[in-house]
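Shown below is the structure under consideration.
Values below: every heavy atom of this structure, side chains too, minus hydrogens, waters and symmetry copies. Quick caveat: nothing in here was measured; it's all calculated off a predicted structure.
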Amino acid sequence: MKMVNRSRNHWFSVVNTIILSLTCIICLIPFIHIVSLSFSDKAAVLGGLVKLWPVHFTWEPYSYVLERTAFWRSFGMTLERVVIGATINVLLVILLAYPLSKPNNKLRFRSVYVWIFFFTMLFNGGLIPNYILVKELHMLDTIWALVLPGAVSVFNIILMLNFFREVPHELEDAAFIDGAGHMRTLWQIYVPMSLPAIATITLFCIVGHWNAWFDGMIYMKGDHYPLQTYLQSIVIKFDFNTMSASEAQRLAKLNDRSVKAAQMIVAAIPILLVYPYLQKYFVAGIRLGSVKG
Amino acid sequence: MSKGKSYAWKRELPMHLMLVPGLVLLLIFAYIPMTGIMIAFQQFNPVKGLFGHQRWVGLDNFHYIFSMPNIWRVVGNTLLIASLKIVCGMVVPIVFALLLNEVKNVLFKRVTQTVIYFPYFLSWIILSGIMIDILSPSGGLVNQFLGAFGIKGIYFLGENKWFPFTMIASDVWKNFGFNTVVYLAAITGIDPALYEAAAVDGASRWKQTWHVTLPGMRMIIVLLMVLSLGNIFDAGFDQIFNLYSPQVYQSGDIIDTMVYRMGLLQSQYSASTAVGLLKSGVSFVLITSSYYLAYRLFRYRLF
Amino acid sequence: MKKRFAAILLVFILILTACSDQTEKNESDSEPSGQDQNGQINIQFGAAIDPNMEQVGKLEKKTGETLENNRWTKLFSEKNGVTTQYKLMAPQADYTQKLKLSIASGDLPDIFVVSDKADLKQLAEGGAIQEMGPIYDQYASPLLKSIIEAETKKVFDQVTYGGKIYGIPAKMPSTNGYNHLWIREDWLQKLGLKRPKTMDDVYNIAVAFAKQDPDGNGKADTFGLGLHKDFLNGMKGIFWGYKAYPEFWYKNDSGQIVFGSVQPEMKKPLELLAKMYSEGLVDHEFGSKDEAKMLESVVAGKTGMIYAPHWTAYSVEKTMENDPNCKWIVVPLPTDGSDPIQIPLSNSADGAYVVNKDFKHPEKLVEMLNTYVDALFGENADFNKYWSDGDIDSVWAMSPIHTLDPSLDLKGHQDIKKALANNTTDQLTGVAKGFYKTMQDGVWGMSMMFGPKDTPFAFVDQTYPDQVIWSEFEGAPTPTMATNWSSMSELLNTEFTAMVQGKKNLDSDFDKMVQNWNNLGGKNVLEEVNAQAINK
């Protein structure tokens with residue numbers, strides 16, 4: 001009986017591994033394609049000859065990118081934005097999710113607060129008033145225009161407060177008996193117990209800032225573009241309906257897709273490195289969980 | 001009595017203070033700009049400014065939207081594509097989180113986890129070029145694969161019956177790795193003692209998944225389901241805009257792409273604000289009612 | 001515990017004040033615009049320049065020049081007493097968006113470029129910009145006038161509202177609007193074919209290119225003609241051969257202004273495309289491929305005939321790297337009859353320069369434009385200095401304002417042709433010298449565009465301006481257009497694609513489509529456009 005069970009398990013894990021590996025391959029294809037483009041000769045790329053392996057291998061696109069000051073300038077802008085922005089995001093999420101995770105009888109006006117937060121998830125004033133506001137606050141063309149308007153992420157707060165609710169009440173009660181206040185309970189009990197959740201939300205915030213491009217285009221001058229706004233402006237799609245002839249002409253001239261591909265790869269590397277790093281905390285979470293039991 | 005009350009207040013006060021920075025930021029950056037919603041009821045002339053003497057037109061902008069030819073077809077496309085994206089976008093990551101959770105090899109687990117979120121970082125502008133190649137009916141990878149099973153070349157991006165499903169599948173493919181992260185975090189949070197107890201009772205892996213893992217994720221699943229209802233009108237502008245063409249307008253044109261084409265000629269601030277307001281309103285009703293439903297039926301308090 | 005709270009709040013306050021500090025400093029750095037300082041006037045410009053453009057970085061490395069401080073801004077400072085600053089600066093597509101927000105927030109630059117006609121209309125009618133007509137008349141130098149009005153005086157139609165001229169067009173060569181027939185001559189020779197003269201020839205060549213294996217690999221993997229989903233805009237030349245002028249407003253024989261896309265002349269070229277489609281001469285996936293995607297098959301050596309603008313040279317030149325024997329030529333556009341071809345053109349401009357209503361020196365704009373054209377095209381011009389710097393060939397665009405002689409490209413071609421014939425290429429000056437040098441440097445694309453024979457500009461030289469018909473409508477969208485045009489275009493695009501694919505019948509469905517188009521608002525638009533033309 002036990003043998004049957006084991007072999008069934010074995011079969012499952014083989015099938016499982018195959019399914020997951022296939023999925024990985026499917027997810028890697030576009031990436032491999034772009035890497036191949038970035039190591040290929042211009043003409044081969046423009047001819048659509050490059051599929052999943054470089055044609056006429058060359059380092060040239062990369063050496064070109066290395067010398068591209070505009071690329072590195074926007075790269076720096078994005079790093080600054082991610083560090084400042086994600087720090088503020090995560091601090092606020094923790095700070096706001098804690099009181100909101102309490103039941104209504106432990107926090108007066110809780111439902112009022114919840115509505116105030118929830119409402120902003122769905123309704124917004126649109127582009128023009130936001131722009132005017134940022135302008136009036138003298139934040140145009142500064143890093144704060146990219147960081148503050150989205151500082152409170154209600155989606156992440158809701159996610160976080162649900163994780164906070166899973167923290168056993170006994171621990172909190174014990175802390176109170178020891179004379180700890182809410183602030184200490186939050187930092188010394190809730191935060192360490194929710195590390196996987198915090199790691200997840202940190203990842204969301206970092207990726208959110210890394211990928212954001214629209215606000216950069218709206219609020220920043222062209223030479224202060226963050227990375228994704230810059231990338232957006234170089235991979236622009238040719239559109240017969242909106243483009244002037246001279247713009248089309250300029251684009252045709254600069255049509256160098258291997259260099260674009262190289263810039264995308266360089267731009268993606270840092271963010272791809274963040275995830276494995278944060279994975280450490282998922283594991284840390286398990287250990288704490290076992291202490292809890 | 002009154003002393004007890006003030007004591008409770010004092011205990012609670014830090015929590016209210018914790019909310020202050022967030023509330024202030026929201027007031028400034030969310031509520032003040034909401035005055036802009038009035039644009040939906042004006043014939044907005046940007047030169048006059050937001051608080052200038054704009055002409056009020058009542059519900060004219062809404063009438064205009066609903067008098068557009070094909071509006072209902074476009075709404076239908078949007079709802080179909082968006083709702084299927086929501087459903088598949090929930091189910092696939094859950095399945096993958098469960099499958100990943102069964103993997104014993106830590107390295108394989110980590111690599112898989114990292115790799116499946118790669119597509120998330122590529123924009124649709126870039127992906128669209130690749131997809132046209134991969135999905136080409138004559139020589140694309142997908143059709144070559146299907147051809148091995150004797151299926152004739154399918155024009156995924158050019159036929160109305162295939163286009164919406166191509167959008168849904170590719171969207172799920174792009175995003176599922178990322179959502180998997182949330183579910184994995186939820187699984188990690190489950191108390192291992194529960195598994196041990198189940199194992200002692202002789203439950204198989206499958207039974208453990210069914211009776212321990214899934215119930216442990218229940219909260220997050222319901223939560224994300226309710227929240228994703230807010231996207232019921234978001235069929236994905238970037239994706240569809242980069243992949244559609246006149247031949248698939250019939251099944252692929254969505255509200256956002258229509259508004260975009262509308263705005264090309266004249267800056268239609270008012271009409272697009274009105275569309276946005278309608279979208280928000282409907283999502284709001286849907287989310288609140290599903291929230292109450294979840295509360296009534298399962299006693300879940302999501303937020 | 002409370003201390004920690006206070007600390008967090010403090011951090012927030014610090015952040016908020018820090019950011020306001022920073023901007024205040026920024027603002028005190030820059031002088032308020034329009035203020036005199038050593039007799040100089042500070043002007044805040046809005047320009048659609050991409051500061052991340054490769055050439056900007058190259059120039060800075062080479063000479064230390066930046067966008068706000070370079071040979072152009074120095075020239076404007078010396079000649080016009082103007083200090084250049086940018087309030088708005090972004091790549092074209094982003095600039096349009098940013099300008100819209102600038103307009104709505106009432107925070108406009110002093111002098112800026114507007115390319116969206118609907119924006120221009122709102123600015124003019126809302127009184128946010130100044131009337132420029134009289135100032136232009138008073139201050140513009142004869143050279144500037146000759147350049148801006150070189151093609152037709154209609155160039156001001158784009159900037160005229162209520163009978164007043166509100167801006168000065170940034171003139172560009174209208175020859176950009178040409179569409180050319182590019183053919184692989186090596187394929188023609190291989191298959192023993194002659195260059196096409198008529199549309200029947202085009203069809204026969206397409207058959208041969210698709211069926212007779214011109215690339216000689218033994219596989220039927222070539223296309224007869226490159227076709228893509230924007231064929232209505234991107235492949236106009238095939239329509240012109242049948243006297244059909246899609247997406248173009250022109251006067252018909254009875255003096256009415258009509259819209260080309262819905263005229264019966266459209267049927268024949270569409271029929272040709274449909275025939276090619278049904279016979280497998282064109283890519284059956286054209287409906288989901290844009291021009292760039294179509295060009296991939298060109299560069300890969302699978303397509304040997306395309307209708308495309310002259311700058312496609314930059315793409316087709318790459319074919320040579322994949323197939324060294326290939327030879328691309330441009331032939332005069334074939335027609336279906338004996339009448340000479342007619343080229344429908346719109347006045348090409350990079351938008352128009354306008355002046356903020358609060359700016360006190362509107363004449364500075366015209367004076368700067370005088371300086372600009374003088375430096376490039378005047379008697380004492382220093383073309384080489386102001387046009388390019390070595391391989392950095394867009395120095396001319398690194399100025400806050402620009403306007404080009406519309407015959408620039410054509411003259412370059414003519415001069416080179418003459419010099420080559422007389423063996424005097426060392427005496428070339430101005431544009432031609434620059435062009436010729438780039439050709440000598442081995443930039444194939446340049447030779448393919450401006451070379452003496454079988455090039456786009458050889459064809460332009462034959463036909464421009466005698467065989468050109470100018471657009472009759474270039475103003476802002478009319479009221480009906482503003483609300484209905486997108487659904488009207490959608491109808492046409494969908495139907496035309498379906499007709500080429502054979503899903504719709506040309507004979508019966510074309511008229512139905514026109515009927516629908518009229519009902520959707522076409523009739524009103526025609527009336528509005530004709531009324532506007534009479535009022536002008």
Side-chain angles (χ1 to χ4, degrees), chain A residues 5 9 13 16 19-20 23-24 27-28 30-31 33 92 95-96 98-99 107-108 113-114 116 118 120-126 128-130 132-133 148-149 151-152 155 158 161-163 166 181-183 196-197 200 203 235 237 241-242 264 268 271 275-276 279 282 285-286 289-290 292-293, chain B residues 12 14-16 18-19 21-23 25-26 29-30 32-37 39 50 99-100 102-103 108 110 112-119 121-122 125-127 130 173 177 181-182 184-185 188-189 191-193 204-205 219-220 223 227 230 242 264 269 273 276 280 283-284 287 302-303:
Chain A
N5 212 338
N9 269 343
S13 71
N16 192 13
I19 292 177
L20 289 175
T23 317
C24 283
C27 290
L28 274 176
F31 217 72
H33 176 71
L92 278 171
L95 217 51
L96 293 169
Y98 175 76
L107 180 74
R108 252 158 273 216
Y113 290 136
V114 165
I116 291 177
F118 173 60
T120 63
M121 271 184 95
L122 292 170
F123 289 90
N124 65 72
I128 295 173
N130 279 309
I132 295 177
L133 177 76
L148 290 183
V152 179
F155 179 84
I158 294 176
L161 74 88
N162 275 285
F163 280 109
E166 307 278 304
H182 283 289
M183 209 53 185
T200 307
L203 183 68
V235 297
K237 226 172 108 124
N241 297 311
T242 53
M264 273 177 250
I271 194 74
Y275 188 31
Q279 275 181 340
F282 294 136
I286 295 170
S290 51
K292 168 170 69 171
Chain B
E12 250 185 47
M15 292 206 286
H16 292 276
M18 285 182 199
L19 291 169
L23 287 172
L25 280 169
L26 273 194
F29 291 104
I32 292 180
M34 270 187 212
T35 45
I37 290 175
I39 292 175
L50 193 53
L99 289 180
L100 263 176
E102 294 303 318
V103 173
F108 180 67
R110 283 195 178 191
T112 313
Q113 221 169 317
T114 312
V115 165
I116 57 174
Y117 91 134
F118 274 16
F121 293 100
L122 300 172
I125 294 190
I126 299 156
L127 283 177
I130 303 173
W173 164 75
V181 181
V182 191
L184 274 176
T188 328
D191 192 341
S204 64
R205 266 327 268 179
M219 196 60 144
I220 288 295
L223 170 72
L227 288 181
N242 282 304
L264 270 187
Y269 300 104
T273 312
S280 304
S283 312
F284 186 74
I287 293 198
L302 298 173
F303 31 88

If you tally heavy-atom pairs under 4.5 Å against chain A, which of Ile116(B), Leu100(B), Val103(B) wins?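 Going by pairs under 4.5 Å, I would pick Ile116(B).
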
Of the backbone (N, CA, C, O) and the side chain (C-beta and beyond), which part of Ile271(A) lies under 4.5 Å from a heavy atom of chain B, both, or neither?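 Both parts, heavy atoms under 4.5 Å.
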
Using a 4.5 angstrom heavy-atom cutoff, name the option from Asn130(A), Ile158(A), Ile19(A) with the most pairs to chain B.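 Most pairs with chain B among the choices: Ile158(A).
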
What are the two closest non-hydrogen atoms of Ser280(B) and Leu122(A), and how far apart are they?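 Minimum heavy-atom contact is OG-O, 2.8 Å.
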
Distance check, rounded to the nearest 0.5 Å: Met18(B) atom CE versus Leu96(A) atom CG?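 That separation rounds to 10.0 Å.
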
Structural part of Phe123(A) lying under 4.5 Å from a heavy atom of chain B: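 For Phe123(A), heavy atoms of backbone and side chain both lie under 4.5 Å from chain B.
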
Closest non-hydrogen atom pair, Ile130(B) against His33(A):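 So the two residues come closest at CG1-CD2, 3.5 Å.
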
Please report the closest heavy-atom contact between Pro14(B) and His182(A), naming both atoms and the distance.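 The answer is CB-CB, 4.4 Å.
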
Winner by heavy-atom pair count (cut-off under 4.5 Å) against chain B, out of Pro149(A), Gly126(A), Ala151(A):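 The candidate making the most pairs under 4.5 Å is Pro149(A).
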
Leu161(A) versus chain B, the contacting section by heavy-atom distance below 4.5 Å: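 Contact with chain B: side chain only.
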
Any side-chain heavy-atom pair from Tyr113(A) and Leu23(B) closer than 4.5 angstrom?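 Result yes, sub-4.5 Å side-chain heavy-atom pair found.
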
Which distance, rounded to the nearest 0.5 Å, do you find between the CG of Leu223(B) and the CG of Asn162(A)?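 The CG atom of Asn162(A) is 5.0 Å from CG of Leu223(B), to the nearest 0.5 Å.
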
By the definition ring pair (Phe, Tyr, Trp, His ring centres under 6.0 Å), identify the one residue from Phe121(B), Phe118(B), Tyr117(B) that meets it with Phe31(A).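 Per the ring pair (Phe, Tyr, Trp, His ring centres under 6.0 Å) rule, the option paired with Phe31(A) is Phe118(B), out of Phe121(B), Phe118(B), Tyr117(B).
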
With only heavy atoms counted, which part of Leu133(A) is less than 4.5 Å from chain B, the side chain, the backbone, both or neither?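 The answer is the side chain of Leu133(A).
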
With rounding to the nearest 0.5 angstrom, report the CG to CE distance, Leu227(B) to Met121(A).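 With rounding to 0.5 Å, CG (Leu227(B)) is 4.5 Å from CE (Met121(A)).
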
Less than 4.5 Å to any heavy atom of chain B: does that hold for the side chain of Ile128(A), its backbone, both, or neither?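 For Ile128(A), side-chain heavy atoms alone lie under 4.5 Å from chain B.
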
Within this structure, what is the CG-CG distance for the pair Leu92(A) and Leu25(B), rounded to the nearest 0.5 Å?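 These two atoms lie 6.0 Å from each other.
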
Heavy-atom pairs under 4.5 Å with chain A - which of Thr35(B), Ile37(B), Ile220(B), Thr114(B) has more of them than the others?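 Option with the top pair count is Thr114(B).
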
Chain A contact via Leu122(B) - which portion, at a heavy-atom distance below 4.5 Å: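 Interface part for Leu122(B): side chain.
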
Examine distances only and state if a side-chain atom of Glu102(B) and a backbone atom of Asn16(A) form a donor-acceptor pair shorter than 3.5 Å.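 Such a contact is absent between Glu102(B) side chain and Asn16(A) backbone.
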
Indicate the atoms forming the closest heavy-atom contact of Val182(B) with Thr200(A), along with that distance.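 So the two residues come closest at CA-CG2, 4.2 Å.
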
Residue Ala268(A) versus chain B: region with a heavy atom under 4.5 Å: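 Contact with chain B involves no heavy atom of Ala268(A) at all.
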
What is the distance from atom CG of Leu19(B) to atom OH of Tyr98(A), rounded to the nearest 0.5 Å?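 Reported value, rounded in 0.5 Å steps: 11.5 Å.
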
